[in-house]
Every structure is written in C-alpha cells, then in structure tokens.
J.: 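Okay, handing you the structure first.
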Amino acid sequence: DEDLKRIAKCCTRHDDLVALHICAERWRGDKAKRAEHVAALPRTFDTAFYWTEDELKELTGTVCLRDTMNLIRETKDDYEQLRARMEAHGEGDWLTEREVTYERYAWARSNLWSRQCDLLKPDGTRTRAMMPTFDIFNHSPDAPLGKTHKLNAERNLVTVFASKDYEVGEQAFISYGSGEAANSKLLTWYGFCIENNPYEELDLTLTVQVDKQRKTVLETALRASAVAY
C-alpha cells in the first residue's frame with residue numbers, strides 16, 4: 001500500500017501504523033481494499049475507556065479504573081506525538097485529508113485492543129494481526145487456554161480448533177488467553193465481564209521495609225521479570 005509506505009516513517013510502533021491504516025480504509029469507504037472487513041468493525045464499544053466520569057466512579061479502587069485512566073492518557077499522548085512526527089516529516093495534511101481525528105484514532109485503537117491477536121510463529125517469535133472472521137470469535141472461560149487457535153504459517157491463516165463437540169448452529173468460542181481472562185482485563189480491553197469467572201483475580205499490594213541495598217536488588221529483579229514477561 002503506497003499510502004502506508006508514505007507515512008510508515010512517521011510511525012514508531014506497529015499499532016500506530018495499523019490504526020492509521022484502519023482509519024484510512026474507513027475514509028476510503030467502498031473503494032477500500034479491505035472495505036468489507038472495515039465495514040464489519042464495531043463503531044462503538046462498551047469498554048470503560050468510553051464511560052462517563054460518573055460511570056467510572058463505580059470502578060473506584062479497581063485495577064480496571066487504573067488501567068483505563070492510563071489508556072486514556074496514553075492514547076491522547078500517542079495521537080499528539082504521532083501528529084507532531086507527521087508534521088515534522090512533511091505529512092501534516094495526511095491526517096486532516098483522511099479525517100483522522102483523535103476520536104477516529106481512538107476508535108481504531110479500540111478495534112486493535114479488542115480484536116487483535118498475538119500469534120506464535122514457527123521460529124518461536126510472535127506476530128500480531130487482526131484477521132477478518134476470526135476477530136468476531138467470542139471468549140469463553142470454558143475454552144482451554146492456549147489451545148483454541150494457532151497460526152498456520154505455511155498457508156498464512158489462523159486455524160481455530162473446537163474445544164468440544166458443538167451442535168449445529170451453536171456458537172463456537174475461543175480463549176482470549178490467561179493474561180486477559182480475569183474480569184478486570186476483560187472489561188478493560190473487551191467491554192464485558194463473566195459471572196462466576198474461574199480466572200477472576202484480585203490484586204493485592206504488599207509493603208515490605210528493606211534497606212537501600214536490598215531495595216536496589218529487588219527493583220532490578222522486578223524490571224528483569226517485567227521485560228521477560
């Protein structure tokens with residue numbers, strides 16, 4: 001896509017480039033190469049990212065509120081930084097011409113958060129993609145973690161595996177993964193919660209007093225584990 005090549009130099013992150021591509025395809029309408037896929041994307045979301053201030057108060061003290069507020073700040077900062085980089089590269093009109101407002105950019109990012117999937121490649125590395133049809137599969141806590149779908153690199157597609165015997169017409173489910181299975185994560189990224197969620201979790205903050213040397217060792221170990229994760 002020549003249009004993408006034109007702005008690729010302005011994007012420092014994969015998600016920004018994909019988000020702008022989605023916005024451009026929406027702007028092109030029926031003439032877009034991926035018009036059918038973009039037309040099928042939701043125009044609104046139930047994630048807390050779009051809640052009112054009064055609604056967000058219901059989440060006071062939760063991990064979901066913390067993560068949502070971070071997402072709101074991050075998305076606004078990302079858009080402003082992206083716009084500044086594009087202006088610096090002489091592409092300042094690109095966003096305006098394609099009607100990529102902050103609202104459109106946040107909409108595209110919301111689609112990535114809720115419909116994008118990380119996939120393991122044969123060489124052990126991971127790739128990230130948003131695929132037509134596959135991106136409408138819903139999550140079920142009964143679906144086995146890590147066993148409902150995988151990348152078929154040879155055929156350049158994703159294969160979905162039934163985790164049980166489904167009746168004709170019955171909805172098939174996948175697992176969104178162990179990292180997103182708790183209700184706080186499901187609400188933050190996908191906009192729903194599950195009753196009696198077996199993967200529900202509660203974050204606890206434990207405070208321990210240590211000397212300065214021990215503190216340095218613990219901070220180093222924490223950063224190393226975060227990078228590994």
J.: In terms of side-chain heavy atoms, does R155 have a donor or acceptor partner in N152 at a distance below 3.5 Å?
T.: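 N152 and R155 do not have a side-chain donor-acceptor pair below 3.5 Å.
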
J.: Which pairs, with at least one residue in residues 165-178 and sequence neighbours excluded, count as a salt bridge (Lys or Arg N to Asp or Glu O under 4.0 Å)?
T.: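 Checked against salt bridge (Lys or Arg N to Asp or Glu O under 4.0 Å) - neighbours excluded - the pairs reaching residues 165-178 are K164-E170.
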
J.: State the CZ-CD1 distance between F161 and I174, to the nearest 0.5 angstrom.
T.: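 It is 12.5 Å, given to the nearest 0.5 Å.
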
J.: May I have the step-by-step check of side-chain contact (heavy atoms from CB on, under 4.5 Å) for R66 and N70, ending in yes or no?
T.: CA-CA 6 Å; R66 182 200 65 193; N70 286 338; 4.0 Å; yes

J.: Would you indicate whether the side-chain heavy atoms of L157 and M131 approach each other to under 4.5 Å?
T.: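 They are not in side-chain contact.
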
J.: Locate the shortest heavy-atom distance separating L145 from G177; write the atom from each residue and the value.
T.: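 Result for this residue pair: CD2-C, 3.8 Å.
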
J.: Using the rule that two of Ile, Leu, Val, Met, Phe, Trp, Tyr join whenever any of their side-chain heavy atoms come within less than 4.5 Å, decide whether L120 and V158 are in one cluster.
T.: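 No: no chain of side-chain contacts under 4.5 Å links L120 to V158.
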
J.: Do H139 side-chain atoms and S175 backbone N/O form a donor-acceptor pair below 3.5 Å?
T.: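 Judged by distance alone, no pair lies under 3.5 Å.
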
J.: Is T62 reaching over with its side chain to a backbone N or O of L59, donor-acceptor style, under 3.5 angstrom?
T.: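 Side chain of T62 to backbone of L59, a donor-acceptor pair under 3.5 Å: yes, one is there.
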
J.: Hey, is the main chain of T52 close enough, under 3.5 Å, to the side chain of E55 for a donor-acceptor pair?
T.: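 Confirmed, E55 side chain pairs with T52 backbone.
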
J.: Taking the side chain as every heavy atom from C-beta outward, state whether Q116 and D135 have any pair of such atoms under 4.5 Å apart.
T.: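 No, every pair of side-chain atoms sits at 4.5 Å or beyond.
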
J.: Verify, without hydrogens or angle tests, whether T60 (side chain) and K57 (backbone) share a donor-acceptor contact under 3.5 angstrom.
T.: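 Yes: the side chain of T60 pairs with the backbone of K57.
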
J.: Does N197 use its side chain to pair, donor to acceptor, with the backbone of A181 at less than 3.5 Å?
T.: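 Pair found, side chain donor or acceptor close to backbone of A181.
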
J.: Under the salt bridge (charged side-chain N to carboxylate O under 4.0 Å, His left out) test against D78, which residue among R73, R109, R85 passes?
T.: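 Per the salt bridge (charged side-chain N to carboxylate O under 4.0 Å, His left out) rule, the option paired with D78 is R109, out of R73, R109, R85.
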
J.: Any side-chain heavy atom of C193 within less than 4.5 Å of one from L186?
T.: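 Result no, sub-4.5 Å side-chain heavy-atom pair not found.
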
J.: Taking C-beta and beyond as the side chain, do C117 and H149 meet within less than 4.5 Å on heavy atoms?
T.: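 C117 vs H149: side chains touch.
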
J.: Could you tell me which non-hydrogen atom of S163 sits nearest to which non-hydrogen atom of A143, and how far apart they are?
T.: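 Looks like OG-CA, 4.2 Å.
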
J.: Flag yes if more than 12 heavy atoms outside K121 fall under 6.0 Å of its NZ atom; otherwise flag no.
T.: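 Count over threshold, so yes.
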
J.: Using the ring-ring contact (aromatic ring centres under 6.0 Å, His included) rule, collect all pairs that involve residues 49-88, keeping only residues at least two apart or in two chains.
T.: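 Those involving residues 49-88 are F49-W113, Y79-Y102, Y79-Y105.
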
J.: Please find the pair of heavy atoms, one from I194 and one from P141, that lie closest to each other, and give the distance.
T.: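 Heavy atoms only, the tightest pair is CD1-CD, 3.5 Å.
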
J.: Which atom pair, heavy atoms only, marks the closest approach of E25 to A32?
T.: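 Distance-wise, the nearest heavy atoms are O-CB, 3.4 Å.
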
J.: Any side-chain heavy atom of L20 within less than 4.5 Å of one from I7?
T.: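 Contact flag for L20/I7 side chains = yes.
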
J.: Are more than 12 heavy atoms from other residues, nucleotides or ligands located less than 6.0 Å from atom CG of N156?
T.: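 It does not: N156 CG has 12 such atoms or fewer within range.
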
J.: Testing the 3.5 Å rule here: is there a donor-acceptor pair between the side chains of D123 and T125?
T.: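 A donor-acceptor contact under 3.5 Å links the two side chains.
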
J.: Using a cut-off of 6.0 Å, state whether more than 12 heavy atoms not belonging to D77 lie near its atom CG.
T.: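 Enclosed.
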
J.: Start with the C-alpha distance between N138 and Q171, add both sets of side-chain angles, then the distance that settles side-chain contact (heavy atoms from CB on, under 4.5 Å), and finish with yes or no.
T.: CA-CA 9 Å; N138 285 324; Q171 181 178 181; 2.7 Å; yes

J.: Can V160 be reached from L151 by stepping across I, L, V, M, F, W or Y side chains whose heavy atoms are under 4.5 Å apart?
T.: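 Same cluster: L151 reaches V160 through Ile, Leu, Val, Met, Phe, Trp or Tyr contacts under 4.5 Å.
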
J.: Does the pair R6/E2 count as a salt bridge with the N-to-O cut at 4.0 Å?
T.: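 Here R6 does not pair with E2 in a salt bridge, since their nearest N and O are not under 4.0 Å apart.
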
J.: Would you compute the distance between atom SG of C11 and atom NE2 of H89 and round it to the nearest 0.5 angstrom?
T.: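 So the SG of C11 and the NE2 of H89 are separated by 10.0 Å.
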
J.: Yes or no on side-chain contact (heavy atoms from CB on, under 4.5 Å) for Q81 and K76, after CA distance, side-chain angles and deciding distance?
T.: CA-CA 9 Å; Q81 292 173 18; K76 289 180 178 178; over 6 Å; no

J.: L71 and W189: which non-hydrogen atoms are nearest, and at how many Å?
T.: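 L71 and W189 have their closest heavy atoms at CD1-CZ3, 3.8 Å.
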
J.: Any chance you could measure L218, atom CG, to R223, atom CZ, to the nearest 0.5 Å?
T.: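 Nearest 0.5 Å value for the CG-CZ distance: 11.0 Å.
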
J.: Please answer: with hydrophobic residues joined when any side-chain heavy atoms are less than 4.5 Å apart, are L112 and I136 in the same cluster?
T.: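 No: no chain of side-chain contacts under 4.5 Å links L112 to I136.
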
J.: Do L65 and V63 land in one hydrophobic cluster if side-chain heavy atoms of ILVMFWY residues count as linked below 4.5 Å?
T.: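 No; V63 is not reachable from L65 via cluster members.
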
J.: CG of L82 to CE of M86: how many Å apart, nearest 0.5 Å?
T.: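 One finds 6.0 Å between CG of L82 and CE of M86.
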
J.: My understanding is that only residues two or more places apart in sequence, or in another chain, count here; which of them pass side-chain hydrogen bond (donor to acceptor under 3.5 Å, both in side chains) with N111?
T.: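 So N111 forms no side-chain hydrogen bond (donor to acceptor under 3.5 Å, both in side chains) with any residue.
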
J.: Less than 4.0 Å between a side-chain N and a carboxylate O, is that true for D118 and R128?
T.: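 Answer for the salt bridge query: yes.
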
J.: Within a strict 4.5 Å, meaning less than it, do heavy atoms of the E91 and K9 side chains meet?
T.: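 SC-SC contact between E91 and K9 confirmed.
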
J.: What is the ring orientation for Y176 with F192, classed by angle as parallel under 30°, tilted 30 to 60°, or perpendicular over 60°?
T.: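 Aromatic pair Y176/F192 classed perpendicular.
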
J.: Backbone N or O of W27 within a donor-acceptor pair of the R98 side chain at under 3.5 Å?
T.: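 Judged by distance alone, no pair lies under 3.5 Å.
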
J.: Can you tell if the side chain of T148 reaches within under 4.5 Å of the side chain of F173, non-hydrogen atoms only?
T.: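 When only atoms from C-beta onward are counted, F173 and T148 do not touch, as no gap falls below 4.5 Å.
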
J.: Going hydrophobic residue to hydrophobic residue with side-chain gaps under 4.5 angstrom, can you get from F137 over to Y199?
T.: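 No; Y199 is not reachable from F137 via cluster members.
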
J.: Are H21 and D3 close enough that a side-chain donor and a side-chain acceptor fall under 3.5 Å?
T.: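 No, no side-chain donor-acceptor contact under 3.5 Å.
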
J.: Carefully, step by step, assess R13 and L17 under the rule side-chain contact (heavy atoms from CB on, under 4.5 Å).
T.: CA-CA 7 Å; R13 302 184 314 163; L17 186 60; over 6 Å; no

J.: Side-chain contact test, heavy atoms from C-beta onward, threshold under 4.5 Å: evaluate it for R104 versus L95 and give yes or no.
T.: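 Not touching, per the 4.5 Å side-chain cut-off.
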
J.: I'd like to know whether CD of Q213 has more than 12 heavy-atom contacts from other residues, nucleotides or ligands below 6.0 angstrom.
T.: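 Counting other residues, nucleotides and ligands, CD of Q213 stays at 12 neighbours or fewer.
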
J.: Please test D67 against K185 for salt bridge (Lys or Arg N to Asp or Glu O under 4.0 Å), starting from the C-alpha separation and ending with a verdict.
T.: CA-CA 9 Å; D67 291 346; K185 301 293 180 62; 5.6 Å; no

J.: Determine the minimum heavy-atom distance between E87 and G92, stating which atoms define it.
T.: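 Heavy atoms only, the tightest pair is CG-CA, 3.8 Å.
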
